[in-house]
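Convention: sequence-line order gives letters A, B, ...; per-chain numbering from 1. What you see is a predicted model, and the numbers here were worked out from it, not measured in a lab.
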Amino acid sequence: MNMVLEVSNLSVLFHGSELTHAVHEVSFGIEKGEVLALVGETGCGKSVIAHAIMSLLPSEAEVRGEIMFRSRDLLRLSEKELSAIRGRELAIVFQNPSLALNPVHTIGRQVAEPFAVHRIMGRKEASGRAARALERMGFSSSEDYMGMYPSQCSGGMNQRFVIAASTILNPPLVIADEPTKGLDSSLVDGVCNELQRLVHENNTSLLLITHDLAVARRLSDRIAVMYSGEIIEMADTEAFFENPLHPYSRGLLMSLPENGFVPIPGTSPSPVSPPPGCRFQPRCTEGNRECAERHPDLLFTRDHYVRCFFCH
Amino acid sequence: MFFLSLRAENITKEYRTGLFLGQQRRVLSEVSLEIRPGETFGLMGPSGAGKSTLGRVIAGLEAPTSGKVLSGEIEISCMGREAYRTFRRKVQVMFQDPTGALNPRKTVSESVRDVLSLLRTPVHQIHSEMKNMLETVGLSEEQLMRYPSQLSGGENQRLALGRILLLKPSYIILDEPTSALDVSVQAQILHLLKDLQASEDIGYLFISHDESVVRYMSDNVGEILDGRLVTEDDSS
């Protein structure tokens with residue numbers, strides 16, 4: 001096994017007017033060239049994990065556990081050491097390109113920026129590399145796009161520019177945080193193609209964070225389902241879609257259009273006061289008293305890791 | 001008049017763009033459609049096709065370059081002040097991002113009170129009206145003291161819908177109402193909208209780029225392509 005990233009017992013708490021338990025003892029690993037999809041509802045802690053890996057959480061966040069990236073614990077590194085890694089070895093594609101791109105700088109300058117930040121080469125040479133990166137992304141007349149500003153391009157094009165900028169240094173691990181959110185189907189297709197090309201050509205490992213199950217199925221080798229700050233099921237992607245075990249996973253799949261939009265009753269628990277037992281128990285139709293009192297562990301059964309007393 | 005249909009007839013909309021606004025860009029070309037009470041007209045099309053523009057024109061938020069919007073047989077641009085006020089109350093719009101429609105500095109309770117005070121609801125009825133509304137959209141009284149930032153996307157969308165329902169609308173323009181929501185929350189909101197339509201006989205214009213959602217919700221479906229509306233009848 002050639003692990004690029006190993007997250008062990010990661011917990012993130014936010015100290016505000018109330019103590020918020022955003023992520024609770026999450027563990028997973030990503031091998032070289034592997035795509036792991038982290039899926040779940042908004043607010044379940046997916047993006048907090050991404051920001052914890054990148055060490056981009058605000059000061060009120062308390063992070064516990066271990067994040068081993070190429071034999072270094074990212075939680076123990078100084079800001080200077082992290083700055084040397086970010087962009088070069090570990091990159092993130094943010095979900096909103098209009099916020100990720102600077103409106104007053106040209107696309108060419110922003111795609112070439114990682115070369116300048118890490119002082120790898122001069123501006124002219126970097127500009128040539130940026131143009132080639134855009135060509136690989138399917139922008140045939142890249143010189144035209146290099147001089148354009150984000151406001152002159154569509155949301156889908158801007159998202160591809162963000163991917164180009166984030167991956168121009170060929171980092172071994174890319175975190176894509178909701179890269180297709182808000183895009184229509186043709187643009188989703190384009191972004192998925194870019195990410196697939198990136199993984200296949202460079203053997204890049206990808207942590208894909210999404211609430212779009214179709215995108216997760218298309219791109220990932222393995223899938224981890226999160227609910228209320230915890231991983232509740234993790235399996236190979238096809239095994240998961242063929243036979244989801246956790247009641248929440250089954251509910252998620254039933255909410256899809258092809259299954260008739262059957263909703264899961266109720267809402268996720270508050271991260272301020274999560275239930276003491278199984279966090280899905282208040283919405284679960286299969287649980288009993290034990291589920292309300294005891295917290296289930298994530299255990300391996302039938303090719304899946306699953307956090308449910310009734311699945312073992 | 002609002003139990004009758006809401007119709008758009010030959011709507012064309014152009015915007016001035018370019019240097020010194022010297023160019024005209026046509027977004028919609030002679031689009032006609034009808035929304036009937038208790039029914040849903042589903043409007044699809046890629047991003048930037050003009051779906052939201054058409055919704056805003058039908059809701060009276062933007063004037064068309066040519067063409068007319070009719071409530072029953074009355075053209076909205078010819079309405080008197082009082083009739084137009086009633087029209088604006090009866091034809092409501094629900095946007096994709098509910099947080100944009102809610103004041104971040106106001107609690108759920110204050111946001112709902114604002115609507116009730118605009119409606120001149122007697123003080124002794126405010127609590128019961130608020131309670132009924134929360135029950136209808138599936139929110140709890142515990143959430144009354146929370147701010148929009150403390151609610152999930154689905155809860156904010158329910159709140160936005162609840163505020164609209166207080167106005168007892170005849171028609172709602174639903175502009176990508178579930179695009180920002182997760183699949184499970186999306187399913188909840190779609191079911192809520194269907195239940196409300198069945199009980200209140202509300203007509204919807206359902207705008208989305210997601211074909212599966214539009215087909216699930218709609219009685220009639222159309223797609224905006226190059227500014228023109230292509231309906232199922234046209235394609236068959």
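The number of heavy atoms from other shown groups lying within 6.0 Å of CZ (A:F28) is above 12. More than 12 heavy-atom neighbours from other residues, nucleotides or ligands sit within 6.0 angstrom of CE on A:M148. Within 6.0 Å of atom CD in B:E135, 12 or fewer heavy atoms from other residues, nucleotides or ligands are found, so the atom counts as exposed in its surroundings. Residue-environment remark: CD (B:E142) stays at or below the threshold of 12 foreign heavy atoms within 6.0 Å.
Between the side chain of B:Q188 and the backbone N or O of A:G266, at least one donor-acceptor pair lies under 3.5 Å.
When each of A:I264, A:N259, A:L256 is checked for a side-chain contact (heavy atoms from CB on, under 4.5 Å) with B:V183, only A:L256 meets the rule.
The two residues B:S184 and A:P263 come nearest to each other via the heavy atoms O-CB, 4.2 Å. When all heavy atoms of A:F261 and B:A187 are compared, the closest pair comes out as O-CB, 3.4 Å. Heavy atoms only, all atoms of each residue included: A:G260 and B:H191 are closest at O-NE2, 4.2 Å.
Using a 4.5 Å cut-off between heavy atoms, B:I189 makes no contact with chain A at all. Neither the backbone nor the side chain of A:L253 comes within contact range of chain B; no heavy atoms are under 4.5 Å apart. In this structure, chain A has a heavy atom under 4.5 Å from the side chain of B:Q186, while its backbone stays farther away. With a threshold of 4.5 angstrom between heavy atoms, A:V262 approaches chain B through N, CA, C or O but not through any side-chain atom. If you measure heavy-atom distances from B:E211 to chain A, you find no contacts under 4.5 Å at all.
With chain A as the partner, the residue from B:D210, B:V185, B:V213 showing the most heavy-atom pairs under 4.5 Å is B:V213.
Taking CD from B:Q143 and OG1 from A:T267, the interatomic distance works out to 6.5 Å, rounded to the nearest 0.5 Å. Considering CZ of B:R146 and OG of A:S270, their distance stands at 5.5 Å, rounded to 0.5 Å. The line from OG of A:S268 to CG of B:D182 is 8.5 Å long, rounded to the nearest 0.5 Å.
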